[in-house]
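Contents: one structure, followed by commentary.
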Amino acid sequence: MNDPVAVSTAARRTPRLRGLAASSALVAVALTSLACGTSSSAAPQGPLAIESVDVPGPPAGWQMASRMMNRQSASAASIGAAGGAGATGEFESISASMYFNPGGELPLTGTIALRTDSLTSSDGDLEGRLEAWLDPGTYPAFIFQTTGSVTVDGVVQATGNLLLRDQIYPATSRWEVTSPVAINDEGRRVGELRATVTATVAGAPFPDGQLEVVVTMPSVGYTATFVEGVLSGKGIEVASITGDNPSYPSSANDLSDVAWYLMLAGHYDRALEVFEMSIDQSAQVNTYMRMADGHIFAGNYGMAVGTYRALEDYNLGHPHSLELIKILGGRPLSTEELAAINTAWTQG
């Protein structure tokens, strides 16, 4: 059963831009955190050493439960001239982690990670100019992070940073709800968001360096109701894991699913205990990612950031980790961190 942080290594992707060697392996994170980053070929050899990090914690109005993540296979992203005139390039590798709460003090915060070595265009001239400008073999990372947001006339407007070629450019964005966010019959939050990001970047192959990136993201979020259905399909009854004398399954994967349910159902301390039980059996990146989320729900922000940092050898550039380190640590991605992602992605 796929779940928010089930990590697998996808087959190596052949770049679409001309003149590139085969790119690094992609991490495909099913349903919740579909990643654009790289992953080491092996899981951690035993439990990771995790240290709490001193962080300020999330801003007022932010809610962990408001998370939405794009469905990578159904998402689309293009880059072109500001205003949408002329030919565009299309990204194949699209991944995003967003927190969408339009009625709150902070209506939206998010990180979108694209890969320049998955970019192509039906216009051969534009494709060549994009390749020359972006140099995908050296700089595969193309990342947008919000730095603030407000809702104006029902549309979320967000400031942010566009990060490419180891540099940061100020950007603005509009986020529209193209399909209302609601809970479906399975207990998943589903909807569609469209982000239009604009920035001026010297050297970009568009008039006056003004570019526009449009990302359409059918998105999903998860609830305890959905995970209860996952457990029921495995023959695990909620009553057996929430009582005073819980009875847990034996396998590492089932324990991870049980802890995932307990986390979303508000049993935070018990969830963290069961995550540890799962890791004692098998130190899977998937379970560590879930456990880091569990620390956030429990208010252990320093342990959450420490866990995401400890996982960087396995999923550097993962948009979920980048977004939560930004939210909890109080600062967005830096040029040094972007350079490290570019290096990791090119090395595979």
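If you're wondering where the values come from, they're calculated on a predicted model, not measured in any experiment. For reference, positions follow the sequence shown, starting with 1.
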**OP:** Mind listing the closest non-hydrogen atom pair of A81 and P207 along with its distance?
**Re:** CB-CD, 4.1 Å
Original post:
Say you draw a straight line from CE of M291 to CG of L311; how long is it, rounded to the nearest 0.5 Å?
Top reply: 8.5 Å
**OP:** Can you run down the side chain to side chain donor-acceptor pair (under 3.5 Å) pairs that involve residues 149-163, sequence neighbours left out, and say none if there aren't any?
**Re:** T147-T159
**OP:** Decide side chain to side chain contact (heavy atoms under 4.5 Å, CB included) for M69 and V220; before the verdict, give the C-alpha distance in whole Å, the side-chain angles of both, and the deciding distance to 0.1 Å.
**Re:** CA-CA 6 Å; M69 60 293 304; V220 63; 3.7 Å; yes
Original post:
Side chains of N70 and S219: is there a donor and an acceptor less than 3.5 Å apart?
Top reply: no
Original post:
Are the side chain of S121 and the backbone N or O of T88 linked by a donor-acceptor pair below 3.5 Å?
Top reply: yes
Original post:
Has the side chain of E323 got a donor or acceptor atom that lies under 3.5 Å from a matching backbone atom of T111?
Top reply: yes
**OP:** For D254, enumerate each residue passing the salt bridge (Lys or Arg N to Asp or Glu O under 4.0 Å) test, keeping only those at least two apart in sequence or located in another chain.
**Re:** K234
Subject >> L255 versus V274, closest heavy-atom pair with distance >> reply: O-CG1, 3.3 Å
Original post:
Does R309 have any salt bridge (Lys or Arg N to Asp or Glu O under 4.0 Å) partners at least two apart in sequence or in another chain, and if so, which?
Top reply: E312, E337
Original post:
Are S247 and S240 linked by a side-chain donor-acceptor pair shorter than 3.5 Å?
Top reply: no
**OP:** Determine which pairs satisfy salt bridge (charged side-chain N to carboxylate O under 4.0 Å, His left out) with at least one residue from residues 193-215, sequence neighbours left out, and list them in order.
**Re:** none
Original post:
Is T346 reaching over with its side chain to a backbone N or O of T343, donor-acceptor style, under 3.5 angstrom?
Top reply: yes
Subject >> Donor + acceptor pair across side chains of T178, E192 (<3.5 Å) >> reply: yes
Original post:
Would you say the side chains of W175 and S173 form a donor-acceptor pair under 3.5 Å?
Top reply: yes
Subject >> E228: which of L264, I236, V238 passes side chain to side chain contact (heavy atoms under 4.5 Å, CB included) >> reply: V238
Original post:
Quick one: CG on L163 to OG on S334, what's the gap to the nearest 0.5 Å?
Top reply: 8.5 Å
Subject >> Heavy-atom pair with the smallest gap, counting every atom of A141 and W345 >> reply: CA-CZ3, 3.6 Å
**OP:** Would you indicate whether the side-chain heavy atoms of I341 and I143 approach each other to under 4.5 Å?
**Re:** yes
Subject >> Reported CZ-to-CG distance for the pair F206 and L130, which is rounded to 0.5 angstrom >> reply: 5.0 Å
Subject >> Polar contact flag, side-chain donor to acceptor under 3.5 angstrom, R67-S97 >> reply: yes
Original post:
Hey, are the side chains of Y248 and M277 touching, using non-hydrogen atoms and a 4.5 Å cut-off?
Top reply: yes
**OP:** Start with the C-alpha gap between Y301 and L324, add the side-chain angles, then the distance that decides, and say whether side chain to side chain contact (heavy atoms under 4.5 Å, CB included) holds.
**Re:** CA-CA 10 Å; Y301 304 125; L324 287 170; over 6 Å; no
Original post:
Can you check side chain to side chain contact (heavy atoms under 4.5 Å, CB included) on L211 and V201, steps first, answer last?
Top reply: CA-CA 7 Å; L211 62 87; V201 180; 3.7 Å; yes
Subject >> Residues that Y169 engages under ring-ring contact (aromatic ring centres under 6.0 Å, His included), provided they are two or more places apart >> reply: none
Original post:
Who are the ring-ring contact (aromatic ring centres under 6.0 Å, His included) partners of Y99, not counting sequence neighbours?
Top reply: W62
Subject >> Audit row: Q210, T200, side chain to side chain donor-acceptor pair (under 3.5 Å) steps and yes/no >> reply: CA-CA 4 Å; Q210 297 182 35; T200 300; 4.9 Å; no
Original post:
Can you list the residues that meet the side chain to side chain contact (heavy atoms under 4.5 Å, CB included) rule with N300, with sequence neighbours excluded?
Top reply: L272, H295, A298, M303
**OP:** May I ask you to say whether D123 pairs ionically with R129, meaning some side-chain N is under 4.0 Å from a carboxylate O?
**Re:** no
Original post:
Which value, rounded to the nearest 0.5 Å, describes the distance between Q72 atom CD and S93 atom OG?
Top reply: 5.0 Å
Original post:
Would a 4.5 Å heavy-atom cut-off, applied to side chains only, mark M289 and H318 as touching?
Top reply: yes
Subject >> Backbone of Y139 reached by a side-chain donor or acceptor of D135 within 3.5 Å >> reply: no
Subject >> Side-chain donor-acceptor pair present, S256, T287, cut-off under 3.5 Å >> reply: yes
Original post:
Taking the side chain as C-beta and beyond, is there a heavy-atom pair between V181 and M68 under 4.5 Å?
Top reply: yes
**OP:** Quick one: closest heavy-atom pair of G160 and F144, and the distance?
**Re:** CA-CE1, 3.8 Å
Subject >> Closest non-hydrogen atom pair, V197 against A171 >> reply: CG1-CB, 4.0 Å
Original post:
Listed by chain and number, what are the side chain to side chain contact (heavy atoms under 4.5 Å, CB included) partners of A271, not counting sequence neighbours?
Top reply: L262, M263, F275
Original post:
Taking only residues at least two apart or on different chains, which pairs with a member in residues 268-281 satisfy side chain to side chain donor-acceptor pair (under 3.5 Å)?
Top reply: none
Subject >> Distance-only side-chain donor-acceptor flag, T120 / E127, under 3.5 Å >> reply: yes
Subject >> Rounded distance (nearest 0.5 Å) linking atom CG of L162 with atom CD1 of I112 >> reply: 10.0 Å
Original post:
Would you say T223's side chain and G187's backbone share a donor-acceptor pair under 3.5 angstrom?
Top reply: yes
**OP:** For residues M217 and A195, report the shortest heavy-atom separation together with the two atoms involved.
**Re:** CE-CB, 4.1 Å
**OP:** Could you check V230 against F226 for side chain to side chain contact (heavy atoms under 4.5 Å, CB included), going step by step and ending with a plain yes or no?
**Re:** CA-CA 7 Å; V230 173; F226 174 81; 3.8 Å; yes
Original post:
Going by the salt bridge (charged side-chain N to carboxylate O under 4.0 Å, His left out) test, which pairs reach into residues 156-175, not counting sequence neighbours?
Top reply: none
Original post:
What residues form a salt bridge (Lys or Arg N to Asp or Glu O under 4.0 Å) with E237, not counting sequence neighbours?
Top reply: none
Original post:
Under 3.5 Å, is there a donor-acceptor pair between the N315 and H320 side chains?
Top reply: no
**OP:** Tell me, please, which residues at least two apart from F142 pass ring-ring contact (aromatic ring centres under 6.0 Å, His included).
**Re:** F91
**OP:** Measure the spacing between OG of S73 and CD of E92 and express it to the nearest 0.5 Å.
**Re:** 11.5 Å
